[in-house]
Number of protein chains: 2
Amino acid sequence: MSQTVDRALSILPLLAQGPADLGQVAERLGVHKSTALRLLRTLHEHGLVHRQQDQRYRLGARLFALAQEAVENLDVREIAHPYLLALNERTGHTVHLAVYEEGEVVYIDKVESRYPVRMYSRIGKPVAITVAAVAKLLLADLPEPERRAVAAKLDYPPYTPRSTPNAAAFLKELATVRAQGWATDLGGHEESINCVGAPVRGADGRVVAALSVSAPNVVVTAEELLTLLPEVRGTADAISREYSGKPATKDTA
Amino acid sequence: MSQTVDRALSILPLLAQGPADLGQVAERLGVHKSTALRLLRTLHEHGLVHRQQDQRYRLGARLFALAQEAVENLDVREIAHPYLLALNERTGHTVHLAVYEEGEVVYIDKVESRYPVRMYSRIGKPVAITVAAVAKLLLADLPEPERRAVAAKLDYPPYTPRSTPNAAAFLKELATVRAQGWATDLGGHEESINCVGAPVRGADGRVVAALSVSAPNVVVTAEELLTLLPEVRGTADAISREYSGKPATKDTA
DNA sequence: AATGAGCGTTGCACATCCCGCAACGCCCAC
DNA sequence: GTGGGCGTTGCGGGATGTGCAACGCTCATT
């Protein structure tokens with residue numbers, strides 16, 4: 001809509017492919033050299049482009065700094081919340097959002113079930129890391145050495161007969177979760193409670209959070225809960241898109 | 001230099017701090033709302049800003065994509081080469097550049113000594129990973145679990161009496177290197193050859209490459225070689241600045 | 001050593017394109 | 001139902017970006 005800005009911004013993807021000199025920029029923009037020069041100068045003043053020794057232009061440090069700062073100031077919780085509400089609205093069950101931090105997985109948001117059944121979870125509380133669906137999702141994305149290190153240091157409390165028994169079983173489960181892109185906890189923490197979860201990913205594809213839907217057997221069976229999987233994954237993907245700033249938000253999908 | 005572009009670009013750091021609506025952007029820019037709208041629209045078309053559900057503006061995915069693409073297309077070797085030449089010019093010794101890749105450290109560039117002494121290295125050849133200065137620098141920057149994993153899997157060949165004997169000693173050495181920001185190899189690979197090295201860092205502070213200066217005892221003693229440390233570190237820092245696109249290249253320092 | 005080509009840079013006059021204004025429509029809150 | 005706030009639109013005046021041509025520099029060539 002604004003010609004000048006439009007032209008200036010068109011330079012960025014051009015330079016992302018590799019360094020270019022003034023002539024090349026002007027030609028590929030379809031403008032006079034002097035015009036390209038002024039645009040490049042302005043971009044340069046803002047640190048978005050950098051001039052290297054041979055006078056060619058590259059993308060500058062400011063771009064990285066901006067991207068990083070933006071990521072740091074992004075609040076998953078704030079962005080995810082409306083989606084969690086919608087998911088709760090449609091399923092009626094308890095919805096959790098959790099993140100991984102220094103060896104722990106903690107709940108950072110929760111929308112209570114409409115059914116009058118209490119669940120033993122609290123925002124800020126560390127998750128039962130060896131069995132919870134959200135924990136599996138978050139740990140499954142860690143780089144392999146760290147994943148092994150964490151798995152080796154954990155205790156594996158036998159909450160129920162279905163709890164993860166040891167590190168080997170846990171790592172195997174994480175590999176499955178990593179491959180399929182979703183996770184469950186079928187009575188692994190409390191005998192009568194099942195969960196289905198999916199990961200929220202940032203712009204770089206790394207898992208930044210995980211959400212899950214939990215329901216007790218007395219309300220829905222595990223099979224019935226699993227039919228919500230598309231719903232859960234769809235919500236997680238929608239949050240991922242919104243979080244990473246991608247277009248095509250196309251409703252709640 | 002270009003008012004319109006200047007204003008448009010000023011929006012980016014503003015949004016990096018967090019989402020803002022049209023009115024806020026206009027106010028903090030000191031322009032009329034309609035002007036801010038047109039600028040934001042242009043930024044939006046290029047994907048640099050993203051409009052979230054509540055109509056507020058955030059930085060968009062394109063920014064992250066650009067930063068990532070730029071990093072991928074950056075060639076450390078190309079950028080570092082002139083600096084390596086200059087360092088060789090000033091010291092007269094052999095200069096190496098190496099990177100870490102999937103458990104190995106390999107030389108990716110080399111400028112031969114002016115003295116008629118051959119060294120057993122080749123571009124593309126894996127480095128003696130347990131003793132070389134560049135290897136220590138690169139491994140010292142790995143995340144702790146991966147560092148331990150790599151150290152545990154290595155062989156520790158006794159090239160000389162001064163070679164690193166085992167994983168424990170190696171990890172201790174890496175901790176020292178990590179803390180001091182430079183590394184040496186004093187006769188650890190070949191009895192009569194010493195090296196001093198320093199790390200090249202990317203925009204995020206991670207070590208992306210390492211360079212070293214090597215010289216045999218018959219030319220300079222280890223003590224004399226160590227006097228080149230400021231020179232070596234200065235060169236590495238200059239490459240880091242250039243590589244990460246930071247301003248103030250101020251000569252070769 | 002001289003010469004020319006290529007590139008970045010500058011000043012300028014034209015007219016294009018951006019700016020701010022004011023008015024409209026919409027949504028939400030009261 | 002009604003008012004205020006916010007995003008949006010069309011428009012004329014004029015500031016601002018544009019392309020041209022000329023300059024100076026560096027580097028490669030003869």
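Every value quoted in this text rests on a predicted model; they were computed, and no experiment measured them.
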Does the side chain of [X] get closer than 4.0 angstrom to OP1 or OP2 of [N] through an N or O atom?
| X | N | result |
| --- | --- | --- |
| B/Arg38 | C/dC19 | yes |
| A/Thr35 | D/dG19 | yes |
| A/Thr4 | C/dC18 | yes |
| A/Arg7 | D/dT18 | yes |

Could you tell me the separation between the [atom1] atom of [X] and the [atom2] atom of [N], rounded to a whole number of Å?
| X | N | atom1 | atom2 | result |
| --- | --- | --- | --- | --- |
| B/Leu37 | C/dC21 | CG | P | 16 Å |
| A/Leu40 | C/dC7 | CG | P | 15 Å |
| A/Asp21 | D/dC27 | CG | P | 15 Å |
| A/Leu29 | D/dT18 | CG | C1' | 13 Å |
| A/Leu39 | D/dG17 | CG | P | 9 Å |
| B/His32 | D/dA15 | NE2 | C1' | 17 Å |
| B/Glu27 | D/dC6 | CD | C1' | 14 Å |
| A/Arg41 | C/dT9 | CZ | C1' | 7 Å |

Note to self: Go through it in stages, so that I can follow the logic: the residues are B/Asn194 and B/Asp185, the test is side-chain hydrogen bond (donor to acceptor under 3.5 Å, both in side chains), and I'd like the CA-CA distance, side-chain angles, deciding distance and then a yes or no.
What the structure shows: CA-CA 6 Å; B/Asn194 303 311; B/Asp185 164 24; over 6 Å; no
Can you tell which of [options] lies closest to the side chain of [X]?
| X | options | value |
| --- | --- | --- |
| A/Leu22 | D/dG7, D/dT18, C/dG8 | C/dG8 |
| B/Lys33 | D/dT8, C/dT9, D/dG17 | D/dT8 |
| A/Gln3 | C/dT9, C/dC18, D/dT8 | C/dC18 |

Check: With a 4.0 Å cut-off on heavy atoms, is B/Arg56 in touch with a base, just the backbone sugar-phosphate, or nothing at all?
Finding: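 Since no nucleic acid heavy atom lies under 4.0 Å of B/Arg56, the category is nothing.
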Counting only N and O atoms by type, is there a donor-acceptor contact under 3.5 Å from the side chain of [X] to the main-chain atoms of [Y]?
| X | Y | answer |
| --- | --- | --- |
| A/His46 | A/Leu48 | no |
| B/Ser240 | B/Arg201 | yes |
| A/Asn88 | A/Glu112 | yes |

Check: Is A/Glu45 atom CD crowded by more than 12 heavy atoms from other residues, nucleotides or ligands, each under 6.0 Å away?
Finding: yes
Notebook entry, point to check: Does any N or O donor sit under 3.5 Å from an N or O acceptor when you compare the side chain of B/Ser34 with the base of C/dC21?
Noted result: yes
Note to self: Need to verify one output field. Residue with the more 5' nearest nucleotide on DNA chain C, A/Val5 or A/Gln55?
What the structure shows: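 On the 5' side of the pair lies A/Gln55.
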